[in-house]
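For the numbers below, each heavy atom of this structure counts, side chains included, while hydrogens, waters and symmetry mates do not.
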Amino acid sequence: GGGDAGAQAGGEGGQVSKSGQKHDPLDPQREQVYEAESDVWPAEEADMLTLEELRWQLEEIQGSAWFKKAFPRAKRIPLMDGRGDQYSRGGPDGIHLIKRSRHIDVLIHEVAHVVAPVGVEWHGSLYCGIELYIVGKYFGSKTKVELRRAFRRRGVRHDPRVARYGRVA
């Protein structure tokens, strides 16, 4: 899971990684973040969900006290069918999930993009802290520790304060 998510920052040219993604100097951790996520949620084991099931999960997340406290300025996040797009993505207009990415871990990845402050590196330290925070609240501390360890193995930096408290700035 997560391998198709958030590829908006792609630049022209660059080296191609073993997964076929071009290395992006503006988003240098992208590939390692996807690999760490795949270590925790192997795509072949992930449950495929319908858009309706994912919308329900998204409503649960947005309605939770922890989410409202950590992201008080977050507006309601629309979830849309991403068919026709090359990648799933999350941003100011909401989350677009292509059919093969309709897994809960990809939804969480994209929610982190939506609530991350505008202008931060797509898969940088701050974003990864936000993702770890949401993973911990949604899946529990065991999964959060597993993802943090996968980040460490893959050389992914994350903001530990944000990962712990969720608040940015």
Side-chain angles (χ1 to χ4, degrees), residues 1-11 17 19 21 23-43 46 54-55 57-79 87-97 101 103-169:
D4 295 321
Q8 313 83 315
S17 72
S19 71
Q21 296 260 349
H23 173 73
D24 184 351
L26 298 177
D27 190 12
Q29 291 196 144
R30 179 181 65 196
E31 185 65 25
Q32 291 88 346
V33 169
Y34 294 161
E35 290 170 351
E37 291 169 343
S38 292
D39 291 345
V40 176
W41 299 285
L54 288 164
R55 282 189 184 108
Q57 296 295 326
L58 182 57
E59 290 297 324
E60 288 281 310
I61 292 166
Q62 292 181 99
S64 68
W66 62 263
F67 186 86
K68 291 175 183 177
K69 182 177 179 188
F71 311 108
R73 292 187 289 276
K75 302 201 177 347
R76 187 181 170 282
I77 303 169
L79 176 60
Y87 301 105
S88 291
R89 57 189 168 85
D93 66 333
I95 296 172
H96 302 256
L97 289 181
S101 295
H103 309 284
I104 190 63
D105 60 295
V106 177
L107 178 69
I108 299 296
H109 178 105
E110 300 306 343
V111 167
H113 278 302
V114 173
V115 299
V118 173
V120 302
E121 187 180 308
W122 277 109
H123 298 94
S125 178
L126 188 61
Y127 166 82
C128 290
I130 292 168
E131 184 179 22
L132 279 169
Y133 176 79
I134 295 171
V135 163
K137 292 297 184 180
Y138 184 85
F139 291 107
S141 60
K142 182 180 176 196
T143 305
K144 179 180 180 178
V145 167
E146 195 178 342
L147 182 59
R148 190 174 63 230
R149 286 179 179 156
F151 278 176
R152 191 173 300 127
R153 279 192 310 274
R154 299 289 185 173
V156 174
R157 300 174 337 279
H158 72 277
D159 184 315
R161 186 184 58 77
V162 173
R164 183 169 189 173
Y165 300 109
R167 291 189 179 262
V168 178

In Å and rounded to the nearest 0.5 Å, what is the [atom1] to [atom2] distance from [X] to [Y]?
{"X": "Arg164", "Y": "Arg161", "atom1": "CZ", "atom2": "CZ", "result": "12.0 Å"}
{"X": "Gln29", "Y": "Trp122", "atom1": "CD", "atom2": "CH2", "result": "15.0 Å"}
{"X": "Glu131", "Y": "His113", "atom1": "CD", "atom2": "NE2", "result": "7.5 Å"}
{"X": "Lys137", "Y": "Ser64", "atom1": "NZ", "atom2": "OG", "result": "9.0 Å"}
{"X": "Ile95", "Y": "Ser101", "atom1": "CD1", "atom2": "OG", "result": "12.0 Å"}
{"X": "Phe151", "Y": "Glu146", "atom1": "CZ", "atom2": "CD", "result": "12.0 Å"}

Donor-acceptor contact below 3.5 Å, side chain Arg55 vs main chain Leu79:
yes
Expected output: side-chain Lys69 to main-chain Gly166 donor-acceptor under 3.5 Å
no
If I compare all heavy atoms of [X] with all of [Y], which pair ends up nearest, and what's the gap?
{"X": "Lys75", "Y": "Gln62", "answer": "O-OE1, 3.6 Å"}
{"X": "Val162", "Y": "Gly129", "answer": "CG1-C, 3.6 Å"}
{"X": "Val111", "Y": "Ile77", "answer": "CG1-CD1, 4.4 Å"}
{"X": "Val135", "Y": "Leu147", "answer": "CG2-CD2, 3.9 Å"}
{"X": "His103", "Y": "Ala46", "answer": "ND1-CB, 3.3 Å"}

Show your reasoning for whether side chain to side chain contact (heavy atoms under 4.5 Å, CB included) applies to Phe139 and Ile134.
CA-CA 8 Å; Phe139 291 107; Ile134 295 171; over 6 Å; no
Fit a plane to each ring of Tyr127 and His123, take the angle between them on a 0 to 90° scale, and name the class: parallel (under 30°), tilted (30 to 60°) or perpendicular (over 60°).
perpendicular
Is there a side-chain contact between [X] and [Y] (heavy atoms, below 4.5 Å)?
{"X": "Leu54", "Y": "Val106", "value": "no"}
{"X": "Trp41", "Y": "Thr143", "value": "yes"}
{"X": "Val115", "Y": "Ile130", "value": "yes"}
{"X": "Pro28", "Y": "Glu121", "value": "yes"}

Before you tell me yes or no, could you show the steps for Val33 and His109 under side chain to side chain contact (heavy atoms under 4.5 Å, CB included), namely the whole-Å CA-CA distance, both residues' side-chain angles and the distance that decides it to 0.1 Å?
CA-CA 10 Å; Val33 169; His109 178 105; 4.2 Å; yes
I want to know whether His158 and Tyr133 have ring centres closer than 6.0 Å.
no
Do we see a donor-acceptor contact under 3.5 Å between the side chains of Tyr138 and Glu60?
no
